[in-house]
Amino acid sequence: MSALSESISQRITLGYLHSHYGLELDPAFAQDVTVTSIADDILSVRPGSLYLPCVGIDSKVSEESQLAALEGPSRAIDDDTESEQSEQLSEVDQAESESEPSHVNNLPLLIKQAELRGAYGVVLPSSARKEHLQAGIPLLYGDLEPDALGQILSNAAGDPSSSLAVFVLAGEDVSQEAADLAHFLHTLGNPVGLLSAGNITSLDRPLDVEKPLSMFDVQRALSISLEDGTAAVVIGADPQTLQHQALCNVQIDVLSFPTASAEHANKSPSRFHEGRKGQLNAAAQRYGFAVGSQMQVARISDSSDEMARQALGSADQARIDRLSLNIAMTVAAGVKRSHIRSALEASQELA
């Protein structure tokens with residue numbers, strides 16, 4: 001399921017969505033209606049939710065499968081609901097199971113389900129306006145671009161990435177590198193959250209989210225991590241961890257490409273720079289983050305290599321490369337080398 005619910009910190013009115021994002025509101029007098037959660041699948045809709053069934057960005061649950069998931073005994077709602085409402089839900093589920101409606105005809109059923117589950121509004125694509133859909137709750141029509149949706153979700157979550165040090169490692173499979181960096185930051189004395197294919201945690205607490213993470217999941221996890229008191233969050237940007245556009249409106253402090261960084265010694269500075277630029281553009285396009293002046297792109301250097309060798313002694317080159325990258329990323333974040341050396345010495349004494 002994908003939803004911003006318990007972590008939502010900023011209440012949003014339907015009028016705000018109309019005025020700031022151009023969504024057409026029906027009825028117009030519903031501008032003061034305030035939503036308390038945002039969900040993109042029907043199973044996550046709760047009283048007060050704004051439901052977005054057609055966001056079109058790698059949704060984990062398609063429109064048809066959302067309806068199918070409601071069939072059978074597992075469709076119970078986790079909120080306190082009236083028995084009459086539950087009977088109505090069963091009737092809608094039964095009607096859907098007896099036929100196979102088209103894409104358009106599914107929308108009335110999803111709207112009805114959302115209404116019965118307590119949603120305060122539903123966002124639909126502009127093309128649905130011509131269907132003259134009837135509902136007992138407000139409907140909003142418009143085509144949200146990923147950037148706009150990411151901004152809505154980030155605002156609702158309280159812009160958590162602006163208050164956290166966000167480290168991102170990008171590649172095809174970077175779960176181990178992400179775990180290593182999270183452990184290293186913890187060694188330096190930082191409370192850390194981790195979003196990777198291997199683990200999704202806030203401090204030592206696992207978070208109940210399904211991988212790969214949508215932008216809903218990422219904003220929720222960042223908000224929970226901030227509330228738990230973490231200072232930094234490490235994100236593994238790979239297909240196993242993140243959906244397309246999952247990092248929209250996430251402010252990244254330090255980014256690195258572990259594979260490219262490890263190969264730096266075999267390339268001239270100009271060739272490395274060109275390769276890194278291509279990787280950066282491809283990653284930004286895939287995961288939706290903005291490449292801003294505040295973001296540092298880190299790679300291992302002679303200086304970080306030397307610090308890693310001093311700390312590890314005669315360790316193999318792979319271990320040195322991993323530690324060197326961790327050092328380079330923390331230095332890029334503004335941590336002093338003297339602090340890193342002291343932490344490495346202390347950890348070696350305890351080992």
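Along the sequence shown, residues carry numbers from 1.
- Side-chain contact, Asp321 with Gln317: a donor N or O sits under 3.5 Å from an acceptor N or O.
- Between Leu169 and Met329 there is a side-chain heavy-atom pair separated by less than 4.5 Å.
- Residues Leu153 and Asn249 are not in side-chain contact: their nearest non-hydrogen atoms beyond the backbone lie 4.5 Å or more apart.
- Looking at heavy atoms from C-beta onward, Leu149 lies out of side-chain contact with Cys248 at the 4.5 angstrom threshold.
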Under the side chain to side chain donor-acceptor pair (under 3.5 Å) rule, what do Gln176 and Asp180 come out as? Steps first, then yes or no, please. CA-CA 6 Å; Gln176 186 57 57; Asp180 288 345; 3.0 Å; yes
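- A donor-acceptor pair is defined here as one N or O able to donate and one able to accept, closer than 3.5 Å; such a pair exists between the side chain of Ser225 and the backbone of Ala221.
- In this structure, Glu131 and Pro108 have side chains that are not in contact, with every pair of non-hydrogen atoms separated by 4.5 Å or more.
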CA sep, side-chain torsions, deciding dist, call: Val35, Leu17, side-chain contact (heavy atoms from CB on, under 4.5 Å): CA-CA 11 Å; Val35 297; Leu17 297 175; 5.6 Å; no
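- Here the straight-line distance linking atom OG of Ser256 with atom CG of Asn326 works out to 9.5 Å at 0.5 Å rounding.
- Thr330 contributes atom OG1, which lies 3.5 Å from atom CD1 of Ile340 (distance to the nearest 0.5 angstrom).
- Once rounded to the nearest 0.5 Å, the distance linking CG of Leu124 with CD1 of Ile111 reads 4.5 Å.
- Hydrophobic cluster membership differs between Val209 and Leu203, with clusters built from Ile, Leu, Val, Met, Phe, Trp and Tyr side chains linked at under 4.5 angstrom.
- No more than 12 heavy atoms of other residues, nucleotides or ligands lie within 6.0 Å of CD in Glu172, so this atom counts as exposed by the packing criterion.
- In this structure the side chain of Leu140 never reaches within 4.5 angstrom of the side chain of Tyr21, judged on heavy atoms.
- With a 4.5 Å cut-off on side-chain heavy atoms, Leu195 and Lys211 do not count as touching.
- In this structure, CZ on Arg309 lies 13.5 Å from CZ on Arg319, to the nearest 0.5 angstrom.
- Side-chain atoms of Ser304 come within 3.5 Å of backbone atoms of Ser301 as a donor-acceptor pair (strictly under, hydrogens ignored).
- You'll find the side chain of Asp159 stays beyond 4.5 Å of the side chain of Gln251, heavy atoms only.
- Of the possible donor and acceptor atoms, none in the side chain of His18 sits under 3.5 Å from a partner among the backbone N and O of Glu24.
- Checking side-chain atoms of Ser154 against main-chain N and O of Gly150 turns up no donor-acceptor pair under 3.5 Å.
- Residue pairs meeting the side-chain hydrogen bond (donor to acceptor under 3.5 Å, both in side chains) criterion with at least one member in residues 191-204, sequence neighbours excluded: Ser202-Asp228.
- The minimum heavy-atom distance between Val174 and Gly236, with the atom names listed, is CG2-CA, 3.7 Å.
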Between Tyr51 and Gln113, is the side chain to side chain donor-acceptor pair (under 3.5 Å) condition met? List the steps. CA-CA 10 Å; Tyr51 176 40; Gln113 289 283 2; over 6 Å; no
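- Although no hydrogens or angles enter the test, the distance criterion places no donor-acceptor pair under 3.5 Å between the side chain of Asp253 and the main chain of Ala333.
- Under the 4.5 Å side-chain criterion, counting only non-hydrogen atoms from C-beta, Cys54 is in contact with Leu107.
- Closest heavy-atom contact between Ala156 and Ile38: CB-CD1, 3.9 Å.
- Phe184 CZ to Arg322 CZ: the interatomic distance, rounded to the nearest 0.5 Å, is 13.5 Å.
- Side-chain N or O atoms of Glu177 include none that pairs as donor or acceptor with a backbone N or O of Pro258 at under 3.5 Å.
- For Asn190 (side chain) and Leu185 (main-chain N/O), a donor-acceptor pair under 3.5 Å exists by modelled atom type.
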Phe289/Leu280 under side-chain contact (heavy atoms from CB on, under 4.5 Å): CA gap, chis, key distance, verdict: CA-CA 10 Å; Phe289 61 84; Leu280 179 60; 4.2 Å; yes
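- Partners of Asp143 by side-chain hydrogen bond (donor to acceptor under 3.5 Å, both in side chains), not counting sequence neighbours, listed by chain and number: Ser126.
- Atoms CD and CG, on Gln151 and Asn155 in that order, are 5.5 Å from each other to the nearest 0.5 Å.
- In this structure, Val122 and Ala114 approach most closely via the heavy-atom pair CG2-CB, 4.1 Å.
- Taking each heavy atom of Leu164 and Leu226 in turn, the nearest pair found is CD2-CD1, 3.9 Å.
- Under the 3.5 Å distance criterion, the side-chain polar atoms of His339 are matched with a main-chain donor or acceptor of Leu188.
- Formation of a donor-acceptor pair under 3.5 Å by the Ser223 side chain with backbone atoms of Gln219 is not found in this model.
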Please walk me through it: do Thr34 and Thr13 pass side-chain contact (heavy atoms from CB on, under 4.5 Å)? CA-CA 4 Å; Thr34 301; Thr13 65; 3.6 Å; yes
Is there a side-chain contact (heavy atoms from CB on, under 4.5 Å) between Glu306 and Ser303 once you walk through the steps? CA-CA 5 Å; Glu306 181 182 357; Ser303 175; 5.7 Å; no
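- Here the closest non-hydrogen pair linking Phe257 and Ala283 is CE2-CB, 4.1 Å.
- In the displayed structure, Gln310 atom CD is contacted under 6.0 Å by more than 12 heavy atoms of other residues, nucleotides or ligands.
- Here the shortest heavy-atom pairing between Ser175 and Gly198 reads CB-N, 3.9 Å.
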